[in-house]
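To start, the structure itself, in structure tokens.
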Number of protein chains: 2
Amino acid sequence: MATRRDHLIDTALRLFYQQGYHATGIDRILAESGVAKMTLYKHFRSKDELILAALQLRDERFRNWLMAEMEAASPDPVERLLAMFDALEQWFLGRAFKGLGFSGCAFINAASEFADQSHPAHRLAAEHKVRVVEYLEKLCREAGLTDPRTTAEQLALLKEGAIATAQVRNMPEAAQSAKQMARVLLAAAA
Amino acid sequence: MATRRDHLIDTALRLFYQQGYHATGIDRILAESGVAKMTLYKHFRSKDELILAALQLRDERFRNWLMAEMEAASPDPVERLLAMFDALEQWFLGRAFKGLGFSGCAFINAASEFADQSHPAHRLAAEHKVRVVEYLEKLCREAGLTDPRTTAEQLALLKEGAIATAQVRNMPEAAQSAKQMARVLLAAAA
DNA sequence: ATATAAACAGACAGGTCTGTCTATTTGTCA
DNA sequence: TGACAAATAGACAGACCTGTCTGTTTATAT
């Protein structure tokens with residue numbers, strides 16, 4: 001086990017993701033992690049700071065996972081872009097993050113619970129999405145597309161649509177639907 | 001003014017939408033609506049029932065608004081489908097629902113806060129999304145598309161992606177980005 | 001072994017939450 | 001005017017919330 005602090009963030013991330021940020025109480029996190037309350041408040045000033053730490057961990061883990069999946073699929077940038085949707089499908093089916101299941105996107109959820117655009121959690125969510133689209137843009141540029149920025153934004157929008165559809169309607173097949181659309185768009189953008 | 005009950009639901013919908021379901025307390029709804037607590041519990045068994053009533057109202061208002069916008073745009077079914085994204089843009093800019101602003105999709109938000117698929121609020125959210133896609137499918141069929149079901153699902157996915165992008169990243173222009181993608185897909189589906 | 005830091009359990013304060021109750025006022029209709 | 005229904009204010013219970021505090025135990029490191 002890593003440090004007490006890491007264990008706390010890990011448990012918090014799991015519960016916040018599965019149950020929501022407001023719906024998850026500090027006491028529950030402490031009970032499930034086996035950490036004392038004073039230890040929490042030694043490492044974090046408040047519950048909000050713990051939420052931010054959990055989101056930062058999620059950003060790191062999610063992007064590392066996604067990039068690894070895409071890069072393992074093929075050396076070709078276009079194939080890598082399309083592989084994103086296969087990775088999403090695995091995620092939707094609960095096969096991506098051990099012990100987490102699929103409860104939508106932690107960042108869409110955060111932006112929804114912390115609606116104010118200037119709330120730190122909402123800003124973290126926006127930053128996460130920007131980082132993902134920047135990675136997609138890099139691949140679009142490697143693929144020699146004429147407008148990598150626009151195509152990356154399109155693919156990112158497809159990703160968000162697939163996530164929301166999979167979560168609300170319980171439709172993991174949204175990933176392949178989005179992949180099919182991505183194929184058409186990539187063909188048109190070549 | 002309509003009945004006390006309607007006024008209560010209307011205020012609840014506004015606060016739930018702007019601040020979230022868990023984050024909004026009963027007392028706040030009562031204070032802003034000027035209704036007594038016992039009146040609430042005469043009409044609804046619990047806060048959860050009030051949430052469901054608010055979501056039902058939202059479903060009705062949102063679909064009526066969307067269909068009216070699309071049908072006012074043109075008599076042509078394909079044009080109507082494309083007009084959905086112009087309507088979304090107005091919504092994202094806060095010009096659609098008087099006094100509400102834009103805080104994402106009330107149903108995506110609900111599905112996120114009530115993650116359990118069997119929770120009544122989550123089910124209502126899924127039903128809302130299905131009703132929208134059924135309307136899109138009707139238009140796709142009127143347009144004589146070869147696979148109206150698939151195209152309707154694709155357009156619905158674009159809609160969800162635009163909503164999530166507009167909310168998390170504060171990017172109302174996601175609507176036009178999605179419209180451009182819809183054009184390509186509709187051309188390929190003719 | 002001993003000093004120092006970290007984590008522990010658990011009580012506590014002060015606030016908020018939902019939901020219930022009583023007693024009073026308002027509104028409506030005949 | 002008088003009767004009946006609806007809505008009112010406000011107190012209350014019981015649970016939960018975040019965050020603080022005290023005193024004790026456990027690790028670590030020299």
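Letters A, B, ... are given to chains in the order of the sequence lines, protein chains preceding strands, and every chain is numbered from 1. Note that the structure is a prediction, hence the values are computed from the model and not measured.
Residues of residues 9-23 of chain B that place a heavy atom closer than 4.0 Å to DNA chain C do not occur. Proximity of residues 42-55 of chain B to DNA chain C (heavy atom under 4.0 angstrom from any strand atom) is restricted to B:Ser46, B:Lys47.
Evaluation of the side chain to side chain donor-acceptor pair (under 3.5 Å) test over residues 161-173 of chain B, restricted to residues two or more places apart or in two chains, returns A:Glu153-B:Arg169. Residue pairs satisfying the salt bridge (Lys or Arg N to Asp or Glu O under 4.0 Å) criterion with at least one member in residues 80-98 of chain A, sequence neighbours excluded, are listed as follows: A:Asp86-A:Lys179. Applying the salt bridge (Lys or Arg N to Asp or Glu O under 4.0 Å) rule to pairs touching residues 15-30 of chain A yields A:Asp27-A:Lys37, A:Arg28-A:Glu32, sequence neighbours excluded.
Taking only side-chain nitrogens and oxygens, A:Thr39 never comes nearer than 4.0 Å to OP1 or OP2 of C:dA6. Between B:Arg5 and D:dA7 there is no side-chain N or O to OP1 or OP2 distance below 4.0 Å.
In this structure, B:Arg4 places its CZ atom 11 Å from P of C:dT28, rounding to the nearest Å. Distance, A:Arg28 CZ to D:dC16 C1': 14 Å, rounded to whole Å. A:Leu40 has its CG atom 13 Å from the C1' atom of D:dT20, to the nearest Å. Distance B:His7 NE2 to D:dA6 C1': 17 Å, rounded to the nearest Å.
When every heavy atom of A:Ala23 is checked against every heavy atom of B:His22, the shortest pair comes out as CB-NE2, 3.9 Å.
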> How would nucleotides 21-30 of chain D be written as a contact map, 5' to 3', with B for base contact, S for sugar-phosphate-only contact and - for no contact, using protein heavy atoms under 4.0 Å?
Replying inline: BB--------

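Both the sub-6.0 Å distance and the 45° axial angle are not jointly satisfied by B:Arg131 relative to the ring of B:Phe62.
Using a cutoff of 4.0 Å between basic side-chain nitrogens and carboxylate oxygens, B:Lys138 and B:Glu134 are not scored as salt-bridged. Salt bridge status for A:Arg63 with A:Asp59: present, with a side-chain N to carboxylate O gap under 4.0 Å.
Remark: the backbone N or O of A:Tyr21 is paired with a side-chain donor or acceptor of A:Lys47 at under 3.5 angstrom. In this structure, the side chain of A:His122 does not engage the main chain of A:Ala110 through any donor-acceptor pair within 3.5 Å.
Side-chain proximity of A:Asp27 to D:dT18, C:dC8, D:dT8: nearest is D:dT18. Of the candidates C:dT18, C:dC8, D:dT18, C:dT18 carries the atom nearest the B:Tyr41 side chain, counting heavy atoms from C-beta on.
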